Amino acid sequence: MDDLHRRITGWFAETARDLPWRDPDCSAWGVLVSEIMLQQTPVVRVLPVWEQWLERWPAPADLATEPAGEAVRSWGRLGYPRRALRLHAAATAIVQDHGGRVPDTYAELLALPGVGSYTAAAVAAFAYGRRETVVDTNIRRVHARLVTGTALPAPALTAAEMRLAASLLPDDGAASVRWNAAVMELGAMVCTARSPKCAACPVKDSCAWLAAGEPPPSYIPKGQAWHGTDRQVRGAVMAVLRQADTPVPPEMFHQAPADLGFAPEGVGVPLAALHRLNSAPEQLERALAGLLNDGLAEIHDGGYRLPA
DNA sequence: TATACGTGGCA
DNA sequence: TTGCCAAGTAT
């Protein structure tokens with residue numbers, strides 16, 4: 001096992017991407033923001049938004065003094081905008097309950113809005129150097145192939161996977177942090193979901209999946225529906241709200257701007273995109289009600305806007 | 001445990 | 001062009 005550690009962390013030391021949240025000088029807040037943004041979102045898309053966020057809000061207290069809607073607007077097109085809402089709520093909780101400093105224990109991190117088991121472990125490890133069992137989709141896939149010999153991990157994280165990850169974690173604190181980062185990087189850059197680059201893998205001669213002749217997955221991953229879904233409509237509505245400087249009247253969502261003769265400044269393009277979806281009135285209502293319910297929108301002066 | 005939740009690049 | 005999939009969380 002030490003050999004596995006040496007080869008993977010050695011590979012990481014040589015080839016790791018130079019990401020700003022990996023800078024030793026990066027604050028815990030910077031690490032937390034990066035982890036939330038990276039949930040289900042590729043690095044290349046996070047990079048520019050993370051830079052803007054950290055410049056505008058260098059500490060939790062800076063974000064906490066702003067309306068939640070500003071966090072959502074600045075989220076841009078990263079996707080899953082509820083993450084922005086929760087990050088804002090987390091900043092508020094950090095100010096109120098932790099004196100403005102990002103907490104450094106797994107339990108305290110886990111209690112923050114938008115922080116689950118992965119993110120709590122990741123921030124404790126990468127921001128504070130703690131020895132934590134970090135398990136994300138990359139690490140799960142590497143373990144599945146390298147150790148278990150299957151093409152993909154199970155659809156949901158299992159207790160057996162957590163035990164395996166814990167058993168692989170180096171005893172030494174600093175070594176455990178490097179190991180977590182290295183396995184994650186291996187999964188992201190080499191041991192990828194589709195067409196893994198096994199020729200470039202530092203542990204290909206120890207891989208159970210390769211040794212077994214690369215057996216195919218035992219199940220077909222369930223695709224995420226998109227066209228015609230409520231999610232698509234919600235996304236289109238959010239694009240309008242992000243652009244609007246003033247509350248958007250409900251009629252705007254149901255009728256083309258041309259029919260109304262006016263529209264809030266700058267919402268023409270996203271509004272046209274929403275109308276092109278040609279969604280049923282009840283679906284639009286469902287999307288708007290859902291956004292209100294989630295706190296991503298509110299009604300002010302008879303129109304919809306981001307939360308103030 | 002299963003489902004809802006955005007977005008855009010790539011094969 | 002269609003579908004896959006990316007450092008998950010909350011319910």
Side-chain angles (χ1 to χ4, degrees), chain A residues 16-17 19-22 30-50 72 75-87 89-90 109-127 132-142 151-159 161 165 177 180-189 191-197 217 219-242 270 273-274 277 286-287 289-291 293-296:
Chain A
R17 290 168 291 177
L19 303 173
W21 44 86
R22 284 178 176 165
V31 173
L32 174 59
V33 171
S34 80
E35 291 298 344
I36 301 286
M37 287 184 172
L38 286 164
Q39 291 168 3
Q40 303 284 282
T41 309
V43 167
V44 287
R45 230 179 307 164
V46 166
L47 237 19
V49 183
W50 183 89
V72 176
W75 199 250
R77 304 188 65 81
L78 276 187
Y80 292 151
R82 53 175 53 173
R83 290 181 293 168
L85 218 47
R86 291 179 179 144
L87 195 41
L109 287 161
L110 189 61
L112 296 173
V115 175
S117 59
Y118 161 74
T119 303
V123 173
F126 302 139
E132 302 283 348
T133 305
V134 178
V135 179
D136 77 325
T137 189
N138 289 306
I139 291 177
R140 293 184 65 208
R141 189 173 52 250
V142 170
L152 296 174
L157 179 60
T158 66
E161 282 181 274
V177 173
N180 282 324
V183 177
M184 206 177 310
E185 184 83 345
L186 186 65
M189 304 304 291
C191 196
T192 52
R194 282 176 299 187
S195 55
K197 302 162 180 63
Y219 72 98
I220 307 298
K222 204 163 153 247
Q224 314 166 18
W226 177 246
H227 287 288
T229 63
D230 288 3
R231 291 168 72 181
Q232 188 183 29
V233 178
R234 280 174 61 115
V237 170
M238 285 302 296
V240 173
L241 296 186
R242 278 196 304 269
L274 171 63
L277 296 180
R286 229 172 21 243
L291 291 174
N293 186 57
D294 289 349
L296 281 165

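The structure presented is a predicted model; accordingly, all values stated were derived computationally and were not measured. Convention: sequence-line order gives letters A, B, ...; per-chain numbering from 1.
Summary of the strand contacts: A/L157 and A/A236 both lie near DNA chain B, and taking for each the nucleotide with the nearest heavy atom, the more 5' one is attributed to A/L157. Taking for each of A/G116 and A/T41 the nucleotide of DNA chain C with the nearest heavy atom, the 5'-most of the two is the partner of A/T41. Between A/A188 and A/I220, the residue anchored nearer the 5' end of DNA chain C, judged by the nucleotide with its closest heavy atom, is A/I220.
Note on A/A156: nothing from the nucleic acid sits closer than 4.0 angstrom, heavy atoms only. A/T137 comes within 4.0 angstrom of sugar-phosphate atoms only, judged by non-hydrogen atoms across all strands, and of no base. Base engagement by A/V43 is indicated by at least one non-hydrogen atom pair under 4.0 Å involving a base atom. Using a 4.0 Å heavy-atom cutoff across all strands shown, A/W75 reaches no nucleic acid atom at all. A/R140 comes within 4.0 angstrom of nothing in the nucleic acid, heavy atoms only. Across all strands, A/I139 comes closer than 4.0 Å to no nucleic acid atom at all (heavy-atom distances). Heavy atoms of A/G79 sit under 4.0 angstrom from at least one base atom. Residue contacts for A/S117: at a heavy-atom cut-off of 4.0 Å it reaches the sugar-phosphate backbone alone, with no base atom in range. The residue A/L291 sits apart from the nucleic acid: no heavy atom pair falls under 4.0 Å. Nucleic acid contact for A/A193: sugar-phosphate only, since backbone atoms but no base atoms lie under 4.0 Å from a heavy atom of the residue.
Between the C1' atoms of C/dA10 and B/dG8, the separation comes to 24 Å (whole Å). Between the C1' atoms of C/dC4 and B/dG6, the separation comes to 15 Å (whole Å). Taking the C1' atom of each, C/dG8 and B/dT1 are spaced 16 Å apart, rounded to whole Å. Comparing the same atom, C1', in C/dC5 and in B/dC5 gives a spacing of 15 Å after rounding to whole Å.
In terms of heavy atoms, A/Y80 sits closest to A/W75 at O-NE1, 3.7 Å. What you find for A/T41 and A/V46 is that their closest heavy atoms are CG2-CG2, 3.9 Å. What you find for A/R141 and A/G187 is that their closest heavy atoms are NH2-O, 2.8 Å. Residue A/W21 comes nearest to A/G30 through the heavy atom pair CB-O, 4.4 Å, listed as atom of the first residue, atom of the second, then distance. Taking all atoms of both residues into account, the shortest heavy-atom contact from A/S195 to A/T192 is O-OG1, 3.4 Å.
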Protein and nucleotides 3-5 of chain B: nitrogen or oxygen contacts under 3.5 angstrom:
residue, atom, partner, partner atom, Å
B/dC5, N3, A/Y80, OH, 3.4

Short heteroatom pairs, N/O only, protein and nucleotides 8-11 of chain B, under 3.5 Å:
residue, atom, partner, partner atom, Å
B/dG8, OP1, A/R77, NE, 2.3
B/dG8, OP2, A/R77, NH2, 3.1
B/dG8, O4', A/R45, NH1, 3.4

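Checked by atom type, the side-chain pair A/Q39/A/Y118 shows no donor-acceptor distance below 3.5 Å.
Screening A/R22, A/E132, A/M184 for a side-chain contact (heavy atoms from CB on, under 4.5 Å) with A/F126, the sole residue that qualifies is A/M184.
Under the 3.5 Å distance criterion, the side-chain polar atoms of A/R231 are left unmatched by any main-chain donor or acceptor of A/W226. Under the 3.5 Å distance criterion, the side-chain polar atoms of A/E161 are left unmatched by any main-chain donor or acceptor of A/R140. A/E35 places no side-chain N or O within 3.5 Å of a backbone atom of A/V31 that could act as its donor or acceptor partner.
For the OP1/OP2 pair of B/dT7 and a distance below 4.0 Å, the side-chain nitrogens and oxygens of A/R242 include at least one atom meeting the criterion.
Running 5' to 3' along DNA chain C, contacts with non-hydrogen atoms of chain A at under 4.0 Å begin and end at C/dG3 to C/dA10.
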Pair A/V43-A/L38, side chain to side chain contact (heavy atoms under 4.5 Å, CB included): steps then yes or no: CA-CA 7 Å; A/V43 167; A/L38 286 164; 3.8 Å; yes
Side chain to side chain contact (heavy atoms under 4.5 Å, CB included) assessment of A/I36 paired with A/V115: CA-CA 8 Å; A/I36 301 286; A/V115 175; 4.2 Å; yes
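Within the 4.5 Å cutoff, the side chain of A/L47 has heavy atoms near those of the A/P20 side chain.
Atom CG of A/L274 is separated from atom P of B/dG6 by 14 Å (rounded to the nearest Å).
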